[in-house]
Undergrad: 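Structure in structure tokens, see below.
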Amino acid sequence: MLGNSNGFIKYNQKLFSWGDQIHLYNYIKYIKQNGGYYILTNSNTKEVRKLFTDLDYPMTFNRKCSISGSKGERSKYEELVFTNLEY
């Protein structure tokens, strides 16, 4: 599904599928259309950027992954933050 080497993403695909991503996208659209505000963090992948960027311009940030069975896989990953709040 997602083109990222983040082990958490690989594991999480079973818990939060691409269909769930689409459902989340539609729910964010619903929130905006009804005058609500949101903050969403998500994986920085080409697929996620393509799906969500028509909503609001994403900001990026790095996070350290400290949970892994292998110390070598504990590194920094870039994530996206989408919001319609003014900053």
Side-chain angles (χ1 to χ4, degrees):
M1 169 192 99
L2 299 173
N4 191 321
S5 62
N6 182 339
F8 182 74
I9 293 170
K10 291 176 191 174
Y11 166 78
N12 231 13
Q13 288 182 80
K14 296 174 186 170
L15 301 175
F16 201 81
S17 68
W18 186 247
D20 293 327
Q21 290 280 5
I22 293 169
H23 180 73
L24 177 60
Y25 165 80
N26 288 326
Y27 192 69
I28 295 294
K29 279 181 38 176
Y30 172 81
I31 290 169
K32 287 183 64 169
Q33 289 169 350
N34 287 283
Y37 298 98
Y38 76 95
I39 298 173
L40 169 71
T41 64
N42 213 325
S43 301
N44 187 6
T45 66
K46 180 174 50 171
E47 296 88 351
V48 169
R49 285 191 308 273
K50 184 176 179 181
L51 179 62
F52 286 94
T53 52
D54 73 318
L55 295 175
D56 293 287
Y57 185 77
M59 298 174 281
T60 60
F61 72 98
N62 289 314
R63 69 161 178 86
K64 182 168 169 101
C65 181
S66 58
I67 300 173
S68 176
S70 170
K71 185 177 180 181
E73 293 181 13
R74 297 177 195 160
S75 59
K76 291 184 179 178
Y77 295 97
E78 192 170 80
E79 302 241 337
L80 298 169
V81 178
F82 298 89
T83 184
N84 61 344
L85 295 169
E86 291 184 27
Y87 50 94

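Just so it is clear, the structure is predicted and the values come from calculations on it, not from any experiment. Residue numbers run from 1 in the order of the sequence given.
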Undergrad: Does the side chain of Arg49 come within less than 4.5 Å of Lys46's, by heavy atoms?
TA: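 Result yes, sub-4.5 Å side-chain heavy-atom pair found.
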Undergrad: Between Lys32 and Asn84, is there a donor-acceptor pair closer than 3.5 Å when you use the side chain of the first and the backbone of the second?
TA: no
Undergrad: Quick check against the 3.5 Å criterion: does Ser43 have a side-chain atom that pairs as donor or acceptor with the backbone of Thr45?
TA: no
Undergrad: Mind checking whether Phe52 and Tyr25 have parallel, tilted or perpendicular rings, split at 30° and 60°?
TA: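 Correct class here is perpendicular.
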Undergrad: For Glu79, does its backbone N or O pair with a side-chain atom of Thr60 as donor and acceptor, under 3.5 Å?
TA: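 No.
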Undergrad: Looking at every heavy atom in both Leu85 and Tyr38, which two are closest together, and how far apart are they?
TA: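 Heavy-atom minimum between the residues: CG-O, 4.4 Å.
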Undergrad: Given side chains that start at C-beta, do those of Glu78 and Phe61 come closer than 4.5 Å, heavy atoms only?
TA: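 No. Closest side-chain heavy atoms not under 4.5 Å.
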Undergrad: Taking the side chain as every heavy atom from C-beta outward, state whether Leu80 and Val48 have any atom pair closer than 4.5 Å.
TA: yes
Undergrad: Looking at CG of Leu24 and CG of Leu40, how far apart are the two atoms once the value is rounded to the nearest 0.5 Å?
TA: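 One finds 5.0 Å between CG of Leu24 and CG of Leu40.
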Undergrad: Just to verify, what does Ile22 make a side-chain contact (heavy atoms from CB on, under 4.5 Å) with, not counting sequence neighbours?
TA: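 Counting only residues at least two positions away or on another chain, Ile22 forms a side-chain contact (heavy atoms from CB on, under 4.5 Å) with Trp18, Asn26, Leu51.
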Undergrad: Kindly write out the residues that satisfy side-chain hydrogen bond (donor to acceptor under 3.5 Å, both in side chains) with Tyr27, not counting sequence neighbours, or none if the list is empty.
TA: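 In terms of side-chain hydrogen bond (donor to acceptor under 3.5 Å, both in side chains), with neighbours along the sequence ignored, Tyr27 is linked to no residue.
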Undergrad: Can you confirm whether Pro58 sits close enough to Thr53 that some side-chain heavy atom of one is under 4.5 Å from a side-chain heavy atom of the other?
TA: yes
Undergrad: Can you name the side-chain hydrogen bond (donor to acceptor under 3.5 Å, both in side chains) partners of Asn34, sequence neighbours left out?
TA: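 Asn34: no side-chain hydrogen bond (donor to acceptor under 3.5 Å, both in side chains) contacts found.
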Undergrad: Side chains of Met59 and Thr83: closer than 4.5 Å at any heavy-atom pair?
TA: yes
